[in-house]
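Structure first, commentary second.
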Amino acid sequence: MSQDNLIDGKALSGIIREEIRVEAEKIKEERGRSPKLVAVIVGENPASQSYVRGKVRACDAAAFNSETIKLPDSTSEEALIEVVLKLNTDESVDGFIVQLPLPDHINSDNIIMAIDPKKDVDGFHPVNFGKMAQGLPAFLPATPFGIITMLERYGVETSGKQCVVLGRSNIVGTPISILMSRKAKVGNATVTLTHSRTKNLKEELRRADIIIAAIGIPNFVTEDMVKDGVVVIDVGINRVEDSSRKSGYKLVGDVDFEPVRNKASLITPVPGGVGPMTVCSLLWNTLLAAKGSIYK
Ligand code: NAD
């Protein structure tokens, strides 16, 4: 396969973010204020801190207002729900997210349930999830939304294709399997959702025209598991030791990148693939919230 088979999520997200910036300027002119996203973060998890910094930087670049609410690790579930309820009624806020994972003493389901679906720009609330599953207007979860946007902009035909999703989390695997099978422009695929109990995983993967890997195991999908010409979307973000780097680690995906790239017709890198698209989708959802496009 040729080596120009990369799906460049970083470049694509730059293009889409510029489109979002133009829309945000228009909203500012019409309403007298920019779309506003608030991120709530509890505790000191370094990966979460870095994700939230990335989201705030993206807001700045897209002419959005943004705010980060940092709460200590000791915050109780009740106190966090209070913060959520305030954001639900704050008219200056179009959308907000509570960065996951939360400390063990907080039940994240209770927090997600407390978010007003109209402001749930992460698309995690069951109301948005249910609407998505029924093909009704909804905030789509950011990572799956980023994946379907990528497939659409790269002109990947999904109709009638065999799509194998690896991993069944509520934030990636399960929703992307629903989106890929929906009757929609990107959709109409025959989807197999695989997970830790799947038997004959290799055979399932070898049948796939499109593989979406979201399990969090470094380099899990190897070249012998894929067929020639496959489209590979690698969602995994895994830290592996790398003594040649100052940080002592590097990021890799769930796919053994170089060997699989040699067989793939298209593939996303890690970093620079799905990650930047996730941030982009969050901004897109906030824009939709500000415009009242999903909920009036
Ligand atoms: P998770 O960690 O909640 O769950 C992992 C899933 O993988 C489970 O459904 C499990 O059944 C499945 N699994 C585990 N071992 C398996 C095996 N041996 N064979 C088959 N299936 C197996 O999933 P998640 O939260 O979706 O995260 C998955 C990865 O995606 C992580 O690396 C995470 O960091 C990354 N992620 C990236 C983004 C992004 O924006 N790029 C967003 C979310 C998650």
Side-chain angles (χ1 to χ4, degrees), residues 6-10 12-13 16-17 39 45-55 57-58 97-102 104 107-109 112 121-124 129 139-151 163-180 191-208 211-222 224-226 232-240 249-257 267-285:
L6 209 61
I7 298 184
D8 188 339
K10 197 168 172 208
L12 178 57
S13 77
I16 297 175
R17 279 202 237 170
N45 180 324
S48 295
Q49 304 252 355
S50 133
Y51 293 147
V52 168
R53 275 196 303 275
K55 289 167 187 176
R57 266 200 307 271
I97 60 162
V98 179
Q99 183 66 43
L100 302 179
L102 290 167
D104 287 345
N107 180 334
S108 48
D109 290 340
I112 290 169
V121 286
D122 251 342
F124 291 165
F129 199 98
F139 292 121
L140 301 182
T143 303
F145 186 12
I147 295 170
I148 59 168
T149 305
M150 255 178 170
L151 294 172
C163 173
V164 175
V165 176
L166 203 49
R168 58 179 160 188
S169 72
N170 284 344
I171 61 168
V172 188
T174 297
I176 193 62
S177 70
I178 292 169
L179 289 172
M180 291 299 286
V191 178
T192 307
L193 178 55
T194 66
H195 44 76
S196 52
R197 305 287 175 90
T198 298
K199 295 204 165 73
N200 307 324
L201 185 60
K202 188 170 165 180
E203 284 87 281
E204 298 289 354
L205 288 169
R206 282 181 66 89
R207 287 192 300 112
I211 293 175
I212 300 172
I215 54 172
I217 303 180
N219 305 321
F220 181 88
V221 178
T222 48
D224 56 315
M225 297 179 180
V226 306
V232 180
I233 306 293
D234 188 355
V235 185
I237 302 177
N238 308 294
R239 284 185 179 195
V240 295
Y249 72 86
K250 65 174 177 177
L251 294 180
V252 301
D254 291 346
V255 176
D256 192 12
F257 182 72
I267 186 167
T268 59
V270 177
V274 175
M277 292 301 296
T278 297
V279 177
C280 202
S281 303
L282 181 64
L283 296 185
W284 196 266
N285 276 343

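Numbering of ligands and ligand atoms starts at 1, following listing order. Heads up: numbering here begins at 1 and tracks the sequence. Since the model is a prediction, treat every value here as computed from it, not as a measurement.
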Does the N or O separation between Arg168 and ligand 1 drop below 3.5 Å for any pair? yes

For atom 23 (O) of ligand 1, find the nearest protein heavy atom and state the residue, atom name and distance (0.1 Å precision). Ser169 CB, 3.5 Å

Ile217 heavy atoms within 4.0 Å reach ligand 1 at atoms 15 (N), 18 (N)

One residue to check: Thr198. Relative to ligand 1, which of side chain, backbone, both or neither has a non-hydrogen atom less than 4.0 Å away? neither

At less than 4.0 angstrom from any non-hydrogen atom of Phe220, what atoms of ligand 1 do you find? 18 (N), 19 (N)

Contact summary for Ala142 and Leu282, nearest pair of heavy atoms: CB-N, 4.3 Å

Going by the 4.0 angstrom heavy-atom rule, the piece of Ile215 near ligand 1 is both

Does the protein put a heavy atom under 4.0 Å from atom 36 (N) of ligand 1? yes

Taking only non-hydrogen atoms of Asn238 and a 4.0 Å limit, the atoms of ligand 1 in range are 32 (O)

Tell me the closest heavy-atom pair linking Phe129 and Ile178, and the distance in Å. CE2-CD1, 3.7 Å

Does Ala214 have a non-hydrogen atom less than 4.0 Å from ligand 1? yes

So is there a nitrogen or oxygen of Thr194 less than 3.5 Å from a nitrogen or oxygen in ligand 1? no

Show the nearest heavy-atom pair for residues Val52 and Ala39, with the distance to one decimal. CG1-CB, 4.0 Å

So is there a nitrogen or oxygen of Leu201 less than 3.5 Å from a nitrogen or oxygen in ligand 1? no

State the atoms of ligand 1, each with its element, that fall below the 4.0 Å cut-off from a heavy-atom position in Thr278. 39 (C), 40 (O)

Would you say ligand 1 has an N or O under 3.5 Å from any N or O of Tyr51? no

Contact atoms of ligand 1, heavy-atom distance to Gly167 under 4.0 Å: 6 (C), 7 (O), 9 (O), 12 (C)

Looking only at heavy atoms, the pair that brings Ile16 and Met277 closest together is CD1-CE, 3.9 Å

Which residue owns the protein heavy atom closest to atom 33 (C) of ligand 1, what's the atom, and how far is it? Ile237 N, 4.2 Å

Against heavy atoms of Gly216, which atoms of ligand 1 measure under 4.0 Å? 28 (C), 29 (C), 31 (C), 32 (O)

